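Let me begin by presenting the structure, written as structure tokens, before commenting on it.
Since the model is a prediction, treat every value here as computed from it, not as a measurement. Each ligand, and each atom within it, is numbered from 1 in the order the structure gives.
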Amino acid sequence: MESESEIQPTITIQNDESFRDHLATVDQSGKRKWIYAQKPKGRFYNIRTYVSWFFFMVFFGLPFIKSNGRPLFLFNIPEAKFIIFGKIFWPQDFFIFGLTMITFIVFIILFTAAFGRLFCGWVCPQTVFMEMLFRKVEYWIEGNAAAQKLLKKAPWTSEKFFKKTTKHLAFYFLSFVIANTFLAYIIGVDQLKKIATEPVSEHFGGFVSIVIFSGVFYGVYAFFREQVCTVVCPYGRLQSVLLDRNSMIVAYDYKRGEPRGKYKKQLTGLEIGDCIDCFQCVKVCPTGIDIRNGTQMECVGCTACIDACDKMMESVGRSTGLIRYASENKIASSEKLHYTGRMKLYTLLLIVLTGLLSTLLLTRKDVDGTIIRAAGMLYQERANDSLSNLYNIKIINKTENNIPLTLRLENAPGRIIEAEGKSISLPKEGQAKGSFFIVLARKMVKDRKTRLLVGLYEGDKRITTLKTNFMGPLFIHKGDEGHEQKNENQNEHH
Ligand code: SF4
Ligand code: SF4
């Protein structure tokens, strides 16, 4: 017969919050604790693997896809030229960019409030590259977590040297490929090909960029790893304000799991929870945390602990889902997922912003520009009966055709005289500048400032209309003397 002490389970009740005072990857002395994450196995890991294949296909394939001879996506920050779905955006479209950014941020807030860190776990490039590429290469070369630990402690034999060198060469190669692809999103594949095939001296800047990017990616995936998510990533830092008790997160069902206790078959029927305290969920965690402590900023929602726990539950004949996707409220009181007031407000905001953005995109002009009066000049007198103003025009062509432009006054009888004496030639996907005079009959100028509309024409086809002002002499209207004098003084002062 078994004694009382033999059947007493090891029960731990976790209500200590001290784990929140330090990072799981830093020890008492402040030194980095290296995470040897065990390779997860299970349903979610398999699905994440398929998602990662799709991700790699898109990430490595997109720069090669062209639409009408131009890249489908290009984020040329140095030249301030952006192509999204084949459409070119210039700095002049900054308000569209601004609005896109705001819409994107609201979307992120709404998405996070509803689905927690689903993005981090499934499609964030950092997680996907780390867990689905670099970590897999590491498992392949050095073995699973235990083998990696042993290798680390082992003396420098030829086997250790071979494995470490192979791993780091493979890591650098992968980082080099990622860096090239990353650069292709900025400068385009054609330019990248030139850097790869032409002498280094002709593309020194591009060459240095590849070396720097490769070094950064290698440093991140070989050494910095989960620290990107737990220390650097601003999105990770925002989780505490974005999530609420109704957000869907990877959660441990403490109601079912506690009090946790080591599994012993003979304990069946004793008052312990389903958690058998096997630590498998901790061993697979790439950020080194214990999800049983509750929601933590370091959790990237990678689902590895769900798979690990499900496997343990199956092996002891208990139902799976002790760790699962659920909201805190759902775990606490079995409440259904709520569509909260905060989420309703974000949704409304998102609809408004999306509507605004769509309108701006649909009404975006292919040719756009600005006309500004030449700085420091008021007006010129031409003979006795005319006045003129000098203007600078800056135009941008977002189409794939060269456009010879002529200017016409739309709302006043007057003349436009191009300063260079020729029409403005607007190159495709480029910009052009020019200067011109607008000459108006003196009798037409009835105010200090006259609003003018200038049409931009290709042949007889009006492409767009730009607004500007014509400055004339000061007109003193009856009763306005004091006011106008004040304005005149101000203008002169300027
Ligand atoms: S706690 Fe689970 S979901 Fe969160 S990072 Fe660790 S393994 Fe991934
Ligand atoms: S894997 Fe599941 S059973 Fe094991 S310690 Fe974690 S929560 Fe408990």
To check you understand the geometry: which heavy-atom pair defines the closest contact between [X] and [Y], and what is its length?
X: K428; Y: N402; value: N-OD1, 2.9 Å
X: C299; Y: I291; value: SG-CD1, 4.3 Å
X: E131; Y: K136; value: O-CG, 3.9 Å

Which residues share a side-chain hydrogen bond (donor to acceptor under 3.5 Å, both in side chains) with R43, sequence neighbours left out |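 For R43 there are no side-chain hydrogen bond (donor to acceptor under 3.5 Å, both in side chains) partners, ignoring immediate neighbours.
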
What residues form a side-chain hydrogen bond (donor to acceptor under 3.5 Å, both in side chains) with E159, not counting sequence neighbours?
-> K163

Using a distance threshold of 2.8 Å, what protein N/O/S atoms lie below it relative to atom 4 (Fe) of ligand 2?
-> C278 SG

Report yes if the distance between the aromatic ring centroids of [X] and [Y] is under 6.0 Å, otherwise no.
X: F129; Y: F59; value: yes
X: F223; Y: Y218; value: yes
X: W53; Y: Y50; value: yes

Other residues, nucleotides, ligands: >12 heavy atoms within 6.0 Å of F207 CZ = no

Any chance CZ of F54 has more than 12 other-residue heavy atoms, nucleotides or ligands included, within less than 6.0 Å?
-> no

So among F173, F134, F171, which one has a ring-ring contact (aromatic ring centres under 6.0 Å, His included) with Y221?
->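 One option only clears the test, and that one is F134.
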
Atoms of ligand 2 less than 4.0 Å from I323 heavy atoms?
-> 7 (S)

For M313, the ligand 2 atoms whose distance to one of its heavy atoms is below 4.0 Å | 3 (S)

List-wise, which protein N, O or S atoms are found short of 2.8 Å from atom 8 (Fe) of ligand 1?
-> C302 SG

Check if R292 has a non-hydrogen atom at a distance under 4.0 Å from any atom of ligand 2.
->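 Judged by the 4.0 Å heavy-atom criterion, R292 does count as contacting ligand 2.
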
